[in-house]
Amino acid sequence: MKLTDADDILISGAGIGGLTAALALAKIGLGVTIVERSPQLEEAGAGIQLSPNAARVLVELGLGPQLDIIATAPASLSIGPLSSARTLATLPLQALAARHGAPYLVLRRADLQTVLLEAVRKSPDIRLLTGRTIERFTASNDGVVANCRTLTDQITEHQASALIGADGLWSAIRPSVGNAASPFFTGYEAWRALLPADQTPGGIAVDTAEVSLRLGRDCHVVLYPVNHGQFLNIVAVQQARNARELRTRHDWSHAGLPAELGGLIAQAEPALADILKAVGSWQVWSLYDMPVANMAQGNVALLGDAAHPILPFMAQGAAIAIEDADTLSRCLAQVHGDRTRFGEALARYAKLRQRRARKVRKASRKNAKAYHTGFPWTLARDQVIRLLGAGGMMRRYRWLYGWKKDL
Ligand SMILES: Cc1cc2nc3c(=O)[nH]c(=O)nc-3n(C[C@H](O)[C@H](O)[C@H](O)COP(=O)(O)OP(=O)(O)OC[C@H]3O[C@@H](n4cnc5c(N)ncnc54)[C@H](O)[C@@H]3O)c2cc1C
């Protein structure tokens, strides 16, 4: 067994949340080790929207120039029915960004992961150990001692003053903070694909200026450009047909058979249906949810999906993980590197973030109902969207996109 030097912070999981947390903690002068189960970091899942509340944190971490290169800032988000090309309302994303002082971006998740990884690798205060899983750990007021298993079945021991579980939906750290909740299957599944621009039907140019949200019965579709219009990112969310099977399955992403999307495609207006039919390969995610419960106990805390998976009806899961990272570093900065006070800092972090995550989770669940409702409720929903218009929507979501910091 190899004993490593003691770190300030040990992070389990190098997803968007874990990597951002490492950068934020290194920025305040803490030494961080990240242990990541996968031997290589491959970010599946096509595209991602980064709203101003999250983009601000990344810009403050110095990643603005890299984001400028890899991301697109669309002009607007248009909302309309799946069954027609009508627009009910348009949210001006660049005005939203200007109002909140940070960009609204769309990009490939793999590109975001690469930018975060490069920054992590450049930091002398962060060590990234891939192909390692925390098997067990003991935590006390003095810190944490964790045993990790490598891919070659060696056990390494890591000491740190605090452990952050950023290990995603099926977190192994979660039970240790007194959080007995388990994710439950919601009945929704998300189909994701990237369609190369030159494969769009009839060579339709990918509109780099727009994110499009189309609402159907028990389903919706989101489209946006990534790689500056070289690809169209497509997310189609529908009620899962094989709900019972998925409910018991932890392998939550698999290749999708296009025929299973037939009902949704049948609802879509012809141009959109053609786009959906042109997709060669879909990846499907079963969508899980979980109430927000304890996020910290002693010197152990949770971050991102490990603490609060959020349904993607507001595109906020990664954004809230990025916010978590910011607040975590601010809370630890407040105790000035005093390791004896890390538990106090984590308790403060948890309290602040539980409140925020609950609010975002609730709003996402509410959107899930509204997006997928059927006739005649669609009449009322569409009327509300029309009446709200751009100004109303900007006001309605000021609390979300206008977030700047928790303290
Ligand atoms: C269809 C869909 C669309 C979405 N769109 C958006 C969007 O547009 N905008 C947005 O903000 N969010 C979006 N999200 C949500 C977002 O993808 C997640 O909330 C976010 O990726 C969570 O990041 P994370 O770092 O917390 O967890 P993860 O990305 O799950 O990372 C966890 C990491 O921990 C590692 N790990 C797991 N177990 C262990 C272990 N025992 N030891 C060591 N390492 C371990 C994993 O390998 C992984 O690398 C979407 C989600 C879905 C399903």
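Atoms within each ligand, like the ligands themselves, are counted from 1 in listed order.
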Going by the atom numbers of ligand 1, which of them fall below 4.0 Å from some non-hydrogen atom of [X]?
| X | value |
| --- | --- |
| A190 | 1 (C) |
| V35 | 43 (C), 44 (N) |
| G15 | 25 (O), 31 (O), 33 (C), 49 (O) |
| G168 | 27 (O), 30 (O), 32 (C) |
| G304 | 26 (O) |
| S38 | 47 (O) |

Against the six-membered ring of W282, is R192 placed for a cation-pi contact (under 6.0 Å from the centre, within 45° of the normal)? no
Is there at least one pair of N or O atoms, one from [X] and one from ligand 1, spaced under 3.5 Å apart?
| X | value |
| --- | --- |
| A321 | no |
| D305 | yes |
| T133 | no |
| A319 | yes |
| G47 | no |

Assess whether atom [atom1] of [X] is packed by more than 12 heavy atoms of other residues, nucleotides or ligands within 6.0 Å.
| X | atom1 | answer |
| --- | --- | --- |
| R396 | CZ | no |
| R358 | CZ | yes |
| W399 | CH2 | yes |

Salt-bridge present (D326, K405; N to O < 4.0 Å): no
In plain terms, say whether R356 and E323 are close enough for a salt bridge, that is, a side-chain N and a carboxylate O under 4.0 Å apart. yes
Give me the ring orientation class for Y188 and H372: parallel if the planes are under 30° apart, tilted from 30 to 60°, perpendicular past 60°. perpendicular
Which word best sums up how the rings of Y401 and H100 line up, parallel for under 30°, tilted for 30 to 60°, or perpendicular for over 60°? tilted
What part of [X], side chain from CB on, backbone N/CA/C/O, both or neither, has a heavy atom under 4.0 Å from ligand 1?
| X | value |
| --- | --- |
| A315 | both |
| L287 | side chain |
| A318 | both |
| A166 | backbone |
| R192 | side chain |
| R109 | side chain |

What verdict does the salt bridge (Lys or Arg N to Asp or Glu O under 4.0 Å) test give for R365 and D289, after you've listed the backbone C-alpha separation in whole Å, the side-chain angles of each residue and the deciding distance to 0.1 Å? CA-CA 9 Å; R365 286 162 62 90; D289 194 6; 2.5 Å; yes
Kindly identify the option in [options] whose heavy atom sits closest to [atom].
| atom | options | value |
| --- | --- | --- |
| atom 49 (O) of ligand 1 | Q113, R132, E36 | E36 |
| atom 7 (C) of ligand 1 | I16, L302, I48 | I48 |
| atom 13 (C) of ligand 1 | G317, A307, A46, G165 | G317 |

Any chance you could measure T33, atom OG1, to I11, atom CD1, to the nearest 0.5 Å? 9.0 Å
Which heavy-atom pair separates I322 from A54 by the least distance, and what is that distance? CG2-O, 3.7 Å
Please walk me through it: do S123 and D125 pass side chain to side chain donor-acceptor pair (under 3.5 Å)? CA-CA 5 Å; S123 169; D125 297 316; 4.5 Å; no
